[in-house]
Amino acid sequence: MAQTLNNRQIADVFDTIADMLQLKGEIIHRILAYRRVAETIRELPRDLRALAAEDKLNEIDGVGKVLAEKISELLETGELRFYHELAQEIPPGLVEVLRVNGVGPKKAMLFYKELGIASIPALEAAAQAGKLRNLSGMGSKSEAKILESITALARRTNRVRLDTAWAAAEKLLRPLLQLPGVIQGDIAGSVRRGKSTIGDIDLLIASYQPLPIMEAFVHHPDVTRILGQGETKSSVELENGLQCDLRVVPPERYGTALSYFTGSKDHNTRLRERARDRGLSLNEWAFTPLEGGAEVLCASEPEVYAQLGLPWIPPELREDRGEIDLAAQGILPRLIEIKDIRADLHMHTTWSDGKLSVRDMAWIARERGLSYIVISDHSQSLGVANGLSVERLRAQREEIRAVDAEFAPSLRVFQGVEMEIRADGSLDYGDDVLEWLDVVIASLHSGLRQPREQVTARLLNAIRNPHVDIIGHPRGQMIPDREPADLDMDAVFGAAREHDTALEINASPYRLDLDDAHARRAAEMGIKIAVNTDSHNGDGFTALRYGIMTARRAGLRPEEVINTWSVESFLAWLRQ
DNA sequence: GCCGTTTTCGGCCCGACTGTTTTCAGTCG
């Protein structure tokens, strides 16, 4: 039987094809068609396998007849003839060469044709031997830059976690905001949109005096390499390889610039289309009437959207997932905010692998304004995390009851557990134990690489248990390294809806699982969502912001998230 | 290669920066 490819693998094939077409010198729009679909597939909340089975590949945005056939071929055979044909002309090593900063398709082909270079090591050797500088369009500076970029490749991280990027961005931006002549500044790009992984950082500042700001930016202590420095734009590389771009624009153009640099690309494309429909062209600087006439400047984002007849759209929604239509109809959801959250239903203490006592966690939760929490330590079979035997679970119950009595009524403290779904599919406690726990979260920590049928069956078994209330971090992904388990999410969602089992958005920036797209789909099916921090110490609670951003990206309203409910509503839901 | 309440053909993504140019091509986001 042919090997089955998953969504990500198929997306990778299309991205490689896009690279090859680019090397061939194809027209950009054909290339973009492949890239767009690759990106869409990567974020798709449904399996291509399932969509293909339902003959619905054409319903994917950007997939027409040709790409649908290519997806089918990949699904059925694990191969793609078109890819192999291209590989005859374009050695796969050339695609690698494109990863070197400063080397695009034209240079790569030049090196290949003139010097037979088809790999990064070959490129490095040629540069070191001074063979590149004599080629047309090249010089010693370009050659040196290529060598530098090859060195930088080694420390280049692909994508980093949201919290890592956020911290780096704030550290860069904060001192700039103190400079004279700086009127305002923001983190833009995918950090502002709250994506779970970040490829680069975009900063924006409003000022009439860009030069000293650029100067300060490129000389920030975290900067290891200056990639470019101009009057309106500068780019640097940080120690961890992350790239950061800064743009400085005059304040009266700040709105269009912030909107433009927040993205996403697809959202911006839609905005430009809408502008064109209104006789305007839109770019980062202004609206310009197509028929000629004075520019329309926007100092703030709401002005940009108002110019397009739209209410301001929260950055987390700007992914071209229908948000512009909703905005146009005036039915954008009132997205959940941190202040809506009344409860955290998943946290650990010293009883298992947490760092603080039950009482400490309660104290911090109350400080943070929560009105109820669930202590959910690990269950017995998770030995590495000091999981609780039934006896210890009973002993912990006494302590939790005492802390609850101490903190009530301002904070209620319930006993839960994060129960292992064992590798063999059984649950870690019997019903006789589960029935007296206030809340049961069931999670997968082991056997995540089991075949689809097996790992899915384990999760379904947990969902169907009447005592299981929430599934913790359902897909088991770890950012940025560990792929989610190969779960049949259609089956998972179906069972969760049927049994009224909530699915978690684990707010830890290492997890953010469910991700935005799956959380959106689950909520659309009427499945309840929990946003929990999974705190193992006091700092863990700060992860809530990332969970909330993910929930907002999923378009969730407060009422769809059980952590916003009153304690009475929550208890009533548990009882039924 | 996709897409259509202007269209089934002709648009789609354009501006900043760099280095090598001698007026601009290539790269990047």
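Values below: all heavy atoms of this structure, side chains included; hydrogens, waters and symmetry mates excluded. Proteins get letters first, then strands, A, B, ... in listed order; numbering begins at 1 in each.
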Note: contacts of residues 28-40 of chain A with DNA chain B (heavy atom, under 4.0 Å) are A/Ile28, A/His29, A/Arg30, A/Leu32, A/Ala33, A/Tyr34

Inter-nucleotide P distance (B/dT20, B/dG15), Å rounded:
25 Å

### Message
Check A/Asp12 with A/Arg42, please: is the shortest side-chain N to carboxylate O separation under 4.0 Å?
### Response
yes

By nearest-nucleotide position on DNA chain B, the 5'-leaning member of A/Asn283 and A/Leu67 is A/Leu67

Ignoring hydrogens and angles, state whether a donor on the side chain of A/Ser235 or A/Asp245 is under 3.5 Å from an acceptor on the partner side chain. yes

task = Pick the P atom in B/dT7 and in B/dC12, then give their distance to the nearest Å.
result = 16 Å

Should the ring pair A/Tyr34 and A/Phe14 be called parallel, tilted or perpendicular, given that the plane angle runs from 0 to 90° and is split at 30 and 60?
perpendicular

**Study point:** Electrostatic pair A/Asp222:A/Lys171 at N-O distance under 4.0 angstrom
**Key:** yes

Assess whether a salt bridge exists between A/Arg35 and A/Asp19, defined as any Lys/Arg side-chain N lying under 4.0 Å from an Asp/Glu carboxylate O.
yes

Can you find a side chain N or O atom of A/Trp285 that sits less than 4.0 Å from OP1 or OP2 on B/dA16?
-> yes

Sorted by number, residues from residues 204-225 of chain A placing a heavy atom under 4.0 Å from DNA chain B are none

With B for base contact, S for sugar-phosphate-only contact and - for none (protein heavy atoms under 4.0 Å), nucleotides 19-29 of chain B reads SS-----SSSS

The residue, A/Phe82 or A/Thr269, whose nearest nucleotide of DNA chain B is more 5′ is A/Phe82

B/dT8 -> Watson-Crick or G-U wobble partner, both distances under 3.5 Å, gives none

key: Atom C1', compared across B/dC14 and B/dC9: separation rounded to whole Å   = 23 Å

Worksheet item: Got a sec: does the CZ of A/Arg8 have more than 12 other heavy atoms crowding it under 6.0 Å?
Response: no

Distance alone, cut at 3.5 Å: any donor-acceptor contact between the side chains of A/Tyr254 and A/Glu303?
no

- prompt: Got more than 12 heavy atoms from elsewhere within 6.0 Å of CZ, A/Arg334?
  reply: yes

Phosphate-side-chain proximity, A/Arg270 and B/dC12, N/O vs OP1/OP2 below 4.0 Å: no

